[in-house]
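Data first, discussion second: the structure below is written as structure tokens.
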Protein chains: 2
Amino acid sequence: MKRITINDIAKELNVTPSTVSRALAGNTRVSVKTRELVTQKAKELGYQQNVIAASLRKGKSDTIGMIVPRINRHFFSNVISGVEEILNPAGYTLVIVQSGENLIKEKKAIDMLLANHVGGIILSLSVQTNTYQHIETVINRGIPLVQFDRVNLDIKSSKVLNDNFTGAYLATKHLIKSGYQRIAHLGGARSLKAYDERFKGYSKAIEESGRLIEDALVYENAITREAGYKAINQVMERANPDAVFCAGDYSALGVLDALKEKNLKIPEEFGVVGFANEPFSELIHPTLSTVEQNAFEMGTRVATAMIKNLEGKHYEEEEVIPTRLIVRDSSWKK
Amino acid sequence: MKRITINDIAKELNVTPSTVSRALAGNTRVSVKTRELVTQKAKELGYQQNVIAASLRKGKSDTIGMIVPRINRHFFSNVISGVEEILNPAGYTLVIVQSGENLIKEKKAIDMLLANHVGGIILSLSVQTNTYQHIETVINRGIPLVQFDRVNLDIKSSKVLNDNFTGAYLATKHLIKSGYQRIAHLGGARSLKAYDERFKGYSKAIEESGRLIEDALVYENAITREAGYKAINQVMERANPDAVFCAGDYSALGVLDALKEKNLKIPEEFGVVGFANEPFSELIHPTLSTVEQNAFEMGTRVATAMIKNLEGKHYEEEEVIPTRLIVRDSSWKK
DNA sequence: GGAATTTGTGCAAACGTTTGTATTTTTGTT
DNA sequence: AACAAAAATACAAACGTTTGCACAAATTCC
């Protein structure tokens, strides 16, 4: 019932714990023969390394903290899976914490992770976050930080981003090509690069078509279903749009609610494109055109960046993952 | 840059580390005065406990491991939120690992958590799991275990269950009342109590209506969209059903695919009820009748049970969380 | 006022590793 | 066969806590 330690193995084999330790680590300073003997005996006794002791001695742990706004978002849970895919086989353990899109919880999460001496922190900012003191703390402690998706550019760290700009650009261009005239945009908080880029992609496409960006067609803070519903109603009152590019699928869902209420035909009278390719987007009626983010790949890239940070030092690359437009029924005018 | 330890505090105050340790723990064996002095100085120097060292010495940690099949299931991510709600304020840290519905990954997850000396393990079994050796290991190590939802009854531990029986019973009864005659059931692996109970609830309702349980109307292992699609096709060929109660919403989704393909009118010609109230269920067309599980509450109960286990010993209560039938368009025949 | 008790601290070991340095054993060279 | 070099192993300290036990000082009791 008691736990097997390297000392137990050492005694059985008449060697010292240090030899056992080195043998298990595959150190070539111990002979091939003893290495085999040790691994053999370790398996026989059912030895499991005491990670706690090891990380105390080494002064660092193989636990990586990951803070996401919510784990029940398709995008985030897939990023997590991607991160695990790389981190687990590499011997790291992932601790996931939710900030709930809440600045205070985000701060607490960071405190908690620091108290637990995590080896590194992977972070996607909450929408609320407008102060960055708590994140500087991480940097000052010398703990590797990798930001992804919802990133603050002023903070020095590795960053992995979606190609929000191109996704938004293609989505808007698609609406233009489909013949819509007055294309609105429901965006997110522009303090977050992700949403700012989506706005910029939208703007670029609109301008390229020879039109003007009308303030009345743009609504900045509407990424939930409810906010989307309210926002599109306001925009329809003031700017007479016939299509909308939403910075999120939930927002687009709210738009569809409003359109159904007004008995507008989709896509004939009104076009809608969302962002994120949430699972529901292909299940609803009409199916929702949207921009797919390669969440899983983003996760693997994030993890790889983290490992580089943990091994070498100061890897501060900024990577961009491509996005892809998926055209469905909500925007396809023949 | 260097980390403050209790030794630093001790030196500054001319006491020993042991006193500091006791003071910070609020031990009454150290005088109120020194206790204040210590906490004061700790705050001043920005001391943060080294959790690693503490748990090495104490032989246990305040980290709780949680293994779920997938975090991107609405149900599981909400249970997680509920668990966090209780565990975090109580000073525990939650480590989440996915088994991916895979026995081998589940075993690895347990190994990893044990290697990390977690204080307790919260577990919902993968569908694949049909051997329980790895879980016995947890018990044998004396580590508190709380099972939830997908539970094995033979394993001695606290358990928190959904009232799957009543949910399934009400769902089936509702189909009967709505006038459907030949009601099929697409279930999950009956080795898991959750699915077995759903089958039993279905059976009870069918029998109460004076009908017989027909093997040809029951299909045991179909909980994904694809499996649901295939299963209902088979059942329709062999048993001529006019309604189905599915043990999961994804399965019901597959059924809807098949029904649309056959141009059957829902709910007039065929009724469908799912289970889980996945977010998409109210978004699809027709909206899906389903059974709601109170995932968040389940999470809080799970966490509470875990804390009881960690504090007292051998708390092996079995709790049941009520479920609720939600009637939508897929089953409502007027 | 002296013995017995309580109260507050200190000492030192322990938790299970890792790792720099020292020591022993083996190998190779002449 | 002697000796240097290389290879394999041992020794011991360290990581930052916690905690049983010892001890001194302060308090209580008769």
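Keep in mind it's a predicted model, so treat the numbers as computed, not measured. Protein chains get the first letters and strands the later ones, always in sequence-line order, with residue 1 at the start of each.
Results of the side-chain hydrogen bond (donor to acceptor under 3.5 Å, both in side chains) test with B:Gln147 over B:Ser158, B:Ser124, B:Ser157 single out B:Ser157 as the only residue that passes.
With 3.5 Å as the limit, one finds no donor-acceptor pair spanning the side chains of B:Ser21 and B:Ser18.
To the nearest 0.5 Å, the span separating CE on B:Met306 from CG on B:Leu145 amounts to 6.5 Å. For the atom pair NZ of B:Lys41 and CG of B:Asp8, the computed distance is 11.0 Å after rounding to the nearest 0.5 Å.
Each of A:Thr16 and B:Gln49 has a nearest nucleotide on DNA chain D; the 5'-most of these lies closest to A:Thr16. Residue B:Ser18 is the one, among B:Leu56 and B:Ser18, whose nearest nucleotide of DNA chain C lies closer to the 5' end (criterion: closest heavy atom). Residues B:His117 and A:Thr19 each lie close to DNA chain C; by heavy-atom proximity, the contact nearer the 5' end of the strand is made by B:His117.
Distance NZ (A:Lys33) to C1' (D:dT9): 12 Å, rounded to an integer number of Å. A:Asn14 places its CG atom 9 Å from the P atom of D:dA10, with the value rounded to the nearest Å.
A donor N or O paired with an acceptor N or O is not found under 3.5 Å between the base of D:dG20 and the side-chain atoms of B:Arg29.
Base contact: B:Ser21 has a heavy atom under 4.0 Å from a base atom. Nucleic acid contact class of A:Ser55 (heavy atoms, under 4.0 Å, all strands): none. In this structure, B:Val51 reaches neither bases nor backbone, as no heavy-atom distance under 4.0 Å exists between it and the strands shown. No engagement by A:Ser61 is indicated, since no non-hydrogen atom pair under 4.0 Å with the nucleic acid exists.
A salt bridge between A:Glu317 and A:Arg301 is absent, with no side-chain N of the basic residue lying under 4.0 Å from a carboxylate O of the acidic one.
Once you apply a 4.0 Å limit to the heavy atoms of chain B, the touched nucleotides of DNA chain C run 5' to 3' over C:dG8 to C:dG16.
More than 12 non-hydrogen atoms from other residues, nucleotides or ligands lie less than 6.0 angstrom from CD of A:Glu318.
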